[in-house]
Amino acid sequence: MTSLQKRVYEVVKKIPRGEVLTYKEVAEFAEHPLAFRAVGNILNKNRNPKIPCHRVVRISGGVGEYNKGREKKLALLKREGVVIKNDKVVILK
DNA sequence: CGTATGACGTGCA
DNA sequence: GTGCACGCCATAC
């Protein structure tokens with residue numbers, strides 16, 4: 001269990017329902033701004049249901065991948081109130 | 001220890 | 001808007 005992994009889990013765990021963070025944001029919050037690549041890896045290997053990893057999307061708004069399938073991720077996000085436009089997450093700034 | 005791969009991002013043609 | 005090359009970090013072999 002690396003510290004990065006711990007931080008990533010902490011951050012992702014704190015994502016409010018109906019909101020999403022980008023891999024880059026998660027990396028920033030985890031104090032490893034350049035490790036967004038590793039963030040994806042960590043989340044991919046993660047099988048902990050306490051981690052809402054489906055709330056982590058691409059910076060371009062794309063939903064990205066998911067260990068249970070992109071469609072599943074989309075469905076979960078929609079169900080939680082996230083607005084999806086043309087298979088892309090609408091990130092309001 | 002070097003290489004390859006992956007839930008990614010950026011830059012450029 | 002699309003496609004491709006490169007860079008980044010962690011993990012698997």
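Lettering follows sequence order; numbering is per chain, from 1.
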N/O contacts under 3.5 Å, protein versus nucleotides 6-10 of chain C?
| from | atom 1 | to | atom 2 | distance (Å) |
| --- | --- | --- | --- | --- |
| dG7(C) | O6 | Arg37(A) | NH2 | 3.4 |

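- Salt bridge Arg7(A)/Glu10(A): absent, no basic N to carboxylate O contact under 4.0 Å.
- Between Arg55(A) and Glu80(A), at least one side-chain N (NZ, or NE/NH1/NH2) sits under 4.0 Å from a carboxylate O, which counts as a salt bridge.
- Atom CG of Leu74(A) and atom CZ of Arg79(A) lie 13.5 Å apart (nearest 0.5 Å).
- For Glu25(A) and dG9(B), the CD to C1' distance is 13 Å, given to the nearest whole Å.
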### Query
Please walk me through it: do Thr22(A) and Val56(A) pass side-chain contact (heavy atoms from CB on, under 4.5 Å)?
CA-CA 5 Å; Thr22(A) 66; Val56(A) 185; over 6 Å; no
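- The distance from atom CZ of Arg58(A) to atom C1' of dG9(B) is 8 Å, rounded to the nearest whole Å.
- The cluster map of Ile, Leu, Val, Met, Phe, Trp and Tyr, joined by side-chain heavy atoms under 4.5 Å apart, puts Val82(A) and Leu76(A) in different clusters.
- Separating the NZ atom in Lys13(A) from the SG atom in Cys53(A) is a distance of 12.0 Å, to the nearest 0.5 Å.
- Rounded to an integer number of Å, the gap from CG of Leu76(A) to P of dA7(B) is 18 Å.
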Review item, nucleotides 10-13 of chain B N/O atoms under 3.5 Å of protein N/O:
| from | atom 1 | to | atom 2 | distance (Å) |
| --- | --- | --- | --- | --- |
| dT10(B) | OP1 | Lys24(A) | NZ | 2.9 |

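- Under the 4.5 Å side-chain heavy-atom criterion for grouping Ile, Leu, Val, Met, Phe, Trp and Tyr, Leu21(A) is not connected to Ile59(A) through any hydrophobic cluster.
- The only member of Val90(A), Val83(A), Leu77(A), Val63(A) that meets side-chain contact (heavy atoms from CB on, under 4.5 Å) when paired with Val20(A) is Leu77(A).
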